[in-house]
Colleague: 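Take a look at the following structure, please.
Numbered from 1 within each chain, the chains take letters A, B, ... in sequence-line order. It should be emphasised that the depicted structure is a prediction, and the values quoted were computed from it without experimental measurement.
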There are 4 protein chains.
Amino acid sequence: MTNLEKKPNSTPGRPRSDQSHRAILQAAREILEQEGYRAMTIEAIAARAGVSKKTIYRWWPSKAAVALEALAAYTDELVPFPDTGSLERDLLTYFEYSIAGLRSPSGDMLRGLAAEAQLDPEFEREFQRSFIVPRKEDLVALLKRGAQRGELAPDIDLHVLADMIYGAKWYRLLLYPSPLDDTFARELVAIIRHLKP
Amino acid sequence: MTNLEKKPNSTPGRPRSDQSHRAILQAAREILEQEGYRAMTIEAIAARAGVSKKTIYRWWPSKAAVALEALAAYTDELVPFPDTGSLERDLLTYFEYSIAGLRSPSGDMLRGLAAEAQLDPEFEREFQRSFIVPRKEDLVALLKRGAQRGELAPDIDLHVLADMIYGAKWYRLLLYPSPLDDTFARELVAIIRHLKP
Amino acid sequence: MTNLEKKPNSTPGRPRSDQSHRAILQAAREILEQEGYRAMTIEAIAARAGVSKKTIYRWWPSKAAVALEALAAYTDELVPFPDTGSLERDLLTYFEYSIAGLRSPSGDMLRGLAAEAQLDPEFEREFQRSFIVPRKEDLVALLKRGAQRGELAPDIDLHVLADMIYGAKWYRLLLYPSPLDDTFARELVAIIRHLKP
Amino acid sequence: MTNLEKKPNSTPGRPRSDQSHRAILQAAREILEQEGYRAMTIEAIAARAGVSKKTIYRWWPSKAAVALEALAAYTDELVPFPDTGSLERDLLTYFEYSIAGLRSPSGDMLRGLAAEAQLDPEFEREFQRSFIVPRKEDLVALLKRGAQRGELAPDIDLHVLADMIYGAKWYRLLLYPSPLDDTFARELVAIIRHLKP
DNA sequence: TCTTAATCGAGACGGTACGTCTGGTCTTAGA
DNA sequence: TCTAAGACCAGACGTACCGTCTCGATTAAGA
């Protein structure tokens, strides 16, 4: 320990406040839960977090970006893509978790983010990059494992099948007035059962 | 008093102006095409149509409702649900038309309406009632005809299958960065081919 | 009176609200009196008047313009330029009123407006046009009457003399830490007494 | 450690940077000349001087105080109150210099400082103490010399006369849309000529 | 022909939120 | 202890739309 070992990679100036960062994400979550996505404005977040609007704009380009990070803080741990050795069981397990995860407020948050993605092309790219695409790829990987075990006919395009599976889920979440429940999951798996060679 | 020949169910007062009605829908379409859904505000529609905002609010509850009617005026004729006697051919034909219909500006309009539905529960119900549900039922009817011809295994839940088909389409339209093209349609039909008994 | 006599000079649209107009001017005055010119922001005026900021910006280009009109509403009646037949008496009478008029809040308002005029060239012109120049011209007219009666030497430039008289008043109001009182007025008139031929 | 050679009267810690001090004053002047008083914000000064805002606030209470010192650095040398033995000549000479000194940017700076003084009582006091009052006293002294030589009637209040002289100058600088030129100076002196006993 | 009543355009209204700007304070690492 | 850098809270700025409200004018149907 003769050497002083100063940190060489630090930037000058006051460092970013972790406390403000966390307060912003939490305020966003709380407003969402209590008043819905429409009420989750930058002004409301700033007021509740005890933070200036400038601080929010310094680190996020839009309120949707804040919401996206707040969502990630929620759900980072609850996305276990299972690998039980059985495609059907994997899918059922995944759906069970996934549907549970859409219970409020995550479901409302996702609906808001999906809406925002339609209206703001910049956010759309970020949402796809950080949320939509990785999950789709995980599902394709899950299907690929099943295909390699011979649980899916070899001529099936796994990407399109994944679109159908995720699509059905999102369709019910965003558009169709029917619940996303366990029955839905079982019927969907029953259909996929027919895709064996 | 021999022959009145007037419409007996008319209300007193100045009747609704059909010209304004049409001008509003057309203005909405034009703004959408030229500047996108975000720019399609009530103020912009009123200004372009040469109409007062009050006149718009008198007949539609929100700009999404205007957009919904403008969309209907576009697409009323292009939704032929075919009945060729073959499920695969029906689906391919339907997808061909459907994907063509999503070319701009209808696709952008639908993306905007889907966004609006996430943010405005009242409009969500109207959108489901007048757009989402009828189309889903038509697709279910199409599938049912195929099932009755023995082209689908009897244990398949046709509503869930329809969710998967429509879901895949909307998923690509709203969320996933891949094109909605003919290859996609063919691969999807190829998957459904496996669902025969 | 056979003719119907419709007012031809009305503009279309909802007419300007006189109530809001008055509420804005009064709010400006009240804030000035209670909290000073610095606190008299557009936001504060709007909040206190129960008026939207847009309504203020619709009719005035800046908060200084609001203040200018509020001041006019105060002081329109208190500027009697006397004509007693004696220059000295006219000046003393005028100063008496004028100094009284500078008691708060008019004095504070004028200080704020003078400050604004230094910082905003557009407002400077308006302030000069509607306030500074007319009063100067009235004073010059007062002096001219005295000169015609032989109370001022004929070689005296009345505009420069008016600059000195008004200048002394403003200098004490804005810059020099001495009171604007009756003694000051009397000494000033005593000096002008020397300007007889 | 034989020879420390530090200044004996220094305080502990890093000494004040003279370079920063000068850079701040110069930046203030440059911004004023190029963009006007409104643009001369603390942020702009700090950015142009390559100095942190904190460093400015450590040494000056407000941007007006910076401007005041920057002005002093300009004009310290150009205020010769003459003593030629003739009141008229003294006044004319003084006005000649003084009016020249108000050519930009000093005139703009003074207008900005005068504005600030209306809005910030703390700065007002400082401005009066360090700028307004000393100059007024010098002018009063100039007048007093003239009075002692018998060039002014003995009943004239020299402070009020000084108010009129300075007031006329400031009135034209701040409020009235007429130039401060040599004609003005000559006419003013012509008026004062009448004040002989 | 006159009345009634709902429409139309225009545009002002009270609001809410936007994204930006500046002020004045604070917190780092380094001199 | 000072410095440069720059993040922080606070709050006003001026703008954009929202959905509502008054106007005078228009347009039929019924009295």
Colleague: Does OP1 or OP2 of F/dG6 have a side-chain N or O of A/Trp59 closer than 4.0 Å?
Modeller: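 For F/dG6, neither OP1 nor OP2 has a side-chain N or O of A/Trp59 closer than 4.0 Å.
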Colleague: Which whole-number value in Å describes the distance from B/Glu116 CD to F/dC17 C1'?
Modeller: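 Computing the B/Glu116:CD to F/dC17:C1' distance gives 13 Å.
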Colleague: Ignoring hydrogens and angles, tell me if any N or O in the side chain of B/Gln118 forms a donor-acceptor pair with the backbone of B/Ala114 under 3.5 Å.
Modeller: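 Pair found, side chain donor or acceptor close to backbone of B/Ala114.
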Colleague: I'd like a table of atom pairs between the protein and nucleotides 16-21 of chain E - only N or O on both sides, under 3.5 Å - with the distance next to each one.
Modeller:
from   : atom 1 : to      : atom 2 : distance (Å)
E/dC18 : OP1    : A/Ile42 : N      : 3.1
E/dC18 : OP2    : A/Ile42 : N      : 3.2
E/dC18 : OP2    : A/Glu43 : N      : 2.9
E/dG19 : OP2    : A/Tyr57 : OH     : 2.5
E/dG19 : O5'    : A/Tyr57 : OH     : 3.4
E/dG19 : N7     : A/Lys53 : NZ     : 2.9
E/dG19 : O6     : A/Lys53 : NZ     : 2.7

Colleague: Is there a side-chain polar atom (N or O) of C/Thr11 under 4.0 Å from OP1 or OP2 of F/dG24?
Modeller: no
Colleague: Phosphate oxygens OP1/OP2 of E/dA12: is one of them under 4.0 Å from a side-chain N or O of C/Thr55?
Modeller: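 Checking C/Thr55 against E/dA12: no side-chain N or O falls below 4.0 Å of OP1 or OP2.
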Colleague: D/Ile45 has an atom CD1; how far is it from atom P of F/dA4, in whole Å?
Modeller: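 My rounded result for the distance is 14 Å.
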Colleague: Below 4.0 angstrom, N of the basic side chain to O of the carboxylate: do B/Arg38 and A/Glu116 qualify?
Modeller: yes
Colleague: Measure the CZ-CG distance between A/Arg111 and B/Leu119 for me, rounded to the nearest 0.5 Å.
Modeller: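 The CG atom of B/Leu119 is 8.5 Å from CZ of A/Arg111, to the nearest 0.5 Å.
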Colleague: Provide, to the nearest angstrom, the distance between the OH atom belonging to B/Tyr37 and the C1' atom belonging to F/dC17.
Modeller: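 To the nearest whole Å, that distance equals 14 Å.
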Colleague: To the nearest Å, give me how far apart CG (C/Asp120) and P (F/dC13) are.
Modeller: 13 Å
Colleague: To the nearest 0.5 Å, tell me how far D/Arg48 CZ sits from D/Gln34 CD.
Modeller: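 Reported to 0.5 Å precision, the distance equals 4.5 Å.
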Colleague: How long is the line joining CD1 of B/Ile31 and P of F/dC17, in whole Å?
Modeller: 11 Å
Colleague: Within the pair D/Trp60 and E/dG24, is there a side-chain N or O less than 4.0 Å away from OP1 or OP2?
Modeller: no
Colleague: Please state how far atom CD1 in C/Ile56 lies from atom C1' in E/dG14, giving the value in whole angstrom units.
Modeller: 12 Å
Colleague: Should A/Glu122 and A/Arg129 count as an ion pair when the cut-off is N to O under 4.0 Å?
Modeller: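 Salt bridge: no.
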Colleague: With rounding to the nearest 0.5 Å, note down the distance linking CZ in D/Arg29 to CD1 in D/Ile45.
Modeller: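 Reported value, rounded in 0.5 Å steps: 11.5 Å.
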Colleague: Is it true that the side chains of C/Gln26 and C/Glu30 contain a donor and an acceptor less than 3.5 Å apart?
Modeller: yes
Colleague: Between D/Leu119 (CG) and F/dA12 (P), how many Å, whole number?
Modeller: 16 Å
Colleague: If you draw a 6.0 Å radius around CD in C/Gln19, do more than 12 non-hydrogen atoms from other residues or ligands fall strictly inside?
Modeller: no
Colleague: Would D/Leu113 and D/Phe123 satisfy side-chain contact (heavy atoms from CB on, under 4.5 Å), going step by step from the backbone distance to the final call?
Modeller: CA-CA 9 Å; D/Leu113 294 176; D/Phe123 175 71; 3.6 Å; yes
Colleague: Tell me, which of residues 12-24 of chain C have any heavy atom that sits under 4.0 Å from an atom in DNA chain F?
Modeller: C/Gly13, C/Arg14, C/Pro15
